[in-house]
Amino acid sequence: MCQRMPNSATTLMAIPGHIDPVPVPRAFVPRADGRIDLLGLSKADLRLALETSQLDPKQAKLRAKQLWHWIYNRGVRDFALMTDIAKTMQPWLEQRFVISRPQVVEAQVSNDGTRKWLLRSDDGNDYEMVFIPDADRGTLCVSSQVGCTLNCRFCHTGTMRLVRNLTAGEIVGQVMLARDALGEWPSQPEGRMLTNIVMMGMGEPLYNFDNVRDGLKIVMDGDGLGLSRRRITLSTSGVVPLMARAGEEISVNLAISLHAVTKEVRDELVPINKKYGIEELLQACADYPGTNNARRITFEYVMLKDKNDSDADARELVRLLKHYDLPAKVNLIPFNPWPGAPYECSTPERIKSFSNIVFDAGISAPVRTPRGRDIDAACGQLKTASEKMSRAELDRQAEAKLAALG
């Protein structure tokens, strides 16, 4: 997929009085073949792309509506199959536009049914997505970056350098590709295997805010993919300044990669804690709009042996959540090992004791069943083109990332 200007790049001229703003034509960056990729464009930008290709504005409005339906409701990529578009118009569209999908480098299926795709962009960058089927739902874990901005020490993805943000089209493209693979076109709300999306793949979503927002708005659009915002969860390691904006502009469910309850331990595990501390993070959670007992914030907590798994840690977690009066659910995640990892998973007995303390305080604390471990698709395992790095190299990279974050 091509690198595009953000979908929100349609500039509006300020005109006084009760007059509609006039969109100023923008430059759409074509692919190497000269065509413009329509995937990931907003409705307004889709229409504008047609107008800048010299289509009459009235025609552009009609064609944009038709194209949106075919792309997102029916999953069609071939203009020749769009039966309500005149046959004389179809070659015109084919010459100027394309409806892309990510290139699939490798597709793997775990023993437990989990699927992982290694994807490649047009500029040769690799990223991954994972589909996790359950009896009552199917969850797609979507990536937001090639590599990762952060350096969470227990996370394999965190050992990768950040290459670039994924575009809105590349984010939507993961959902489209999954629907292709599951045979779920045309789009319909009933009987879907893909029922939920979690922004928990490679990358920190809030450090790619505009593209994540624009991509998810397309996913939630009722005229196309139509996935309810209550079925979408955005996970952040704690980019506090952007959390309120995410609540206002995206308004999906919130998950927090917490993983520790003291400054010392969280500074080590989730280095962004040195910039935005636990108290600041939990206050941002308390201020997140729309949370209640029916729409709780999920706190992700990876269980690391002798690091963050004591009964005292569990009691402090309960104290913090109650102090900030947070409607919360705690996901306890057994650590998923990867080559060179500096930690071990807590014992089942220790995890059970931790869970019981949180449950006894009236807070749900289920233990997540590891999925896709045999294909490195489990939580924290996503990492393309793995490199073996020494502890010193990991430390240097962590410091460099932290410095870059300010």
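In this chain, numbering begins with 1 at the start of the sequence shown.
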### Query
So, T52 side chain and L48 main chain: donor-acceptor pair closer than 3.5 Å or not?
yes
### Task
Classify the ring geometry between Y343 and F335 as parallel (under 30°), tilted (30 to 60°) or perpendicular (over 60°).
perpendicular
### Query
Does R77 reach the main-chain N or O of I99 with its side chain, forming a donor-acceptor pair under 3.5 Å?
yes
### S53 side-chain N/O to A49 backbone N/O, donor-acceptor pair under 3.5 Å
yes
### Task
Measure the spacing between CG of L206 and CZ of R213 and express it to the nearest 0.5 Å.
12.0 Å
### Query
Is a salt bridge present between D306 and R350, judged by a nitrogen-to-oxygen distance below 4.0 Å?
no
### Task
Give, for atom CE of M129 and atom CG of L166, the distance between the pair rounded to the nearest 0.5 Å.
12.0 Å
### Message
Between D309 and S346, is there a side-chain donor-acceptor contact under 3.5 Å, judged purely by atom types and distance?
### Response
yes
### Query
Do you see a donor-acceptor pair shorter than 3.5 Å between the side chains of W185 and D180?
yes
### Query
Which residues satisfy the side chain to side chain donor-acceptor pair (under 3.5 Å) test with D84, sequence neighbours excluded?
W70
## Note on the structure
Taken to the nearest 0.5 Å, the spacing of H259 NE2 from D313 CG works out to 14.0 Å
### Query
Is a donor on one side and an acceptor on the other found under 3.5 Å between the side chain of E184 and the backbone of M193?
yes
### Query
Is R31 salt-bridged to D37, cutoff N-O under 4.0 Å?
no
### Message
Regarding D56 and K58, does a basic nitrogen lie under 4.0 Å from an acidic carboxylate oxygen?
### Response
no
#### Entry: Rounded distance [0.5 Å steps], CZ in R96 versus CG in L38
12.5 Å
### Task
Please identify each residue that fulfils salt bridge (charged side-chain N to carboxylate O under 4.0 Å, His left out) with R319, with sequence neighbours left out.
E316
### Task
State, to 0.1 Å, how close A260 and V265 come at their nearest heavy-atom pair, and which atoms those are.
CB-CG1, 3.6 Å
### Residues in side chain to side chain donor-acceptor pair (under 3.5 Å) contact with N273, at least two apart in sequence or another chain
R266, D267
#### Entry: From CG (N356) to CD1 (I351), nearest 0.5 Å
12.0 Å
### Message
Under the criterion ring pair (Phe, Tyr, Trp, His ring centres under 6.0 Å), I'd like the reasoning laid out for F79 against F97: C-alpha separation, chi angles, the key distance, then a yes or no.
### Response
CA-CA 9 Å; F79 296 107; F97 304 107; 7.1 Å; no
### No-hydrogen, no-angle side-chain donor-acceptor test under 3.5 Å, D287 and Q283
yes
### Query
So, R164 and E170, do they make that salt bridge, N to O below 4.0 Å?
yes
#### Entry: Residues K217 and D214 bridged, charged N to O under 4.0 Å
no
### Task
List the steps and the verdict of salt bridge (charged side-chain N to carboxylate O under 4.0 Å, His left out) for R35 and E94.
CA-CA 8 Å; R35 295 186 292 174; E94 183 70 30; 3.1 Å; yes
### Query
Between the side chains of E204 and S144, is a donor N or O closer than 3.5 angstrom to an acceptor N or O?
no
### Task
Please say whether more than 12 non-hydrogen atoms of neighbouring residues, nucleotides or ligands are located less than 6.0 Å from CG in N292.
yes
### Approximate separation, where rounding is to 0.5 Å, of L227 CG and D221 CG
12.0 Å
### Lys/Arg-Asp/Glu bridge criterion (N-O < 4.0 Å) met for K307, E268
yes
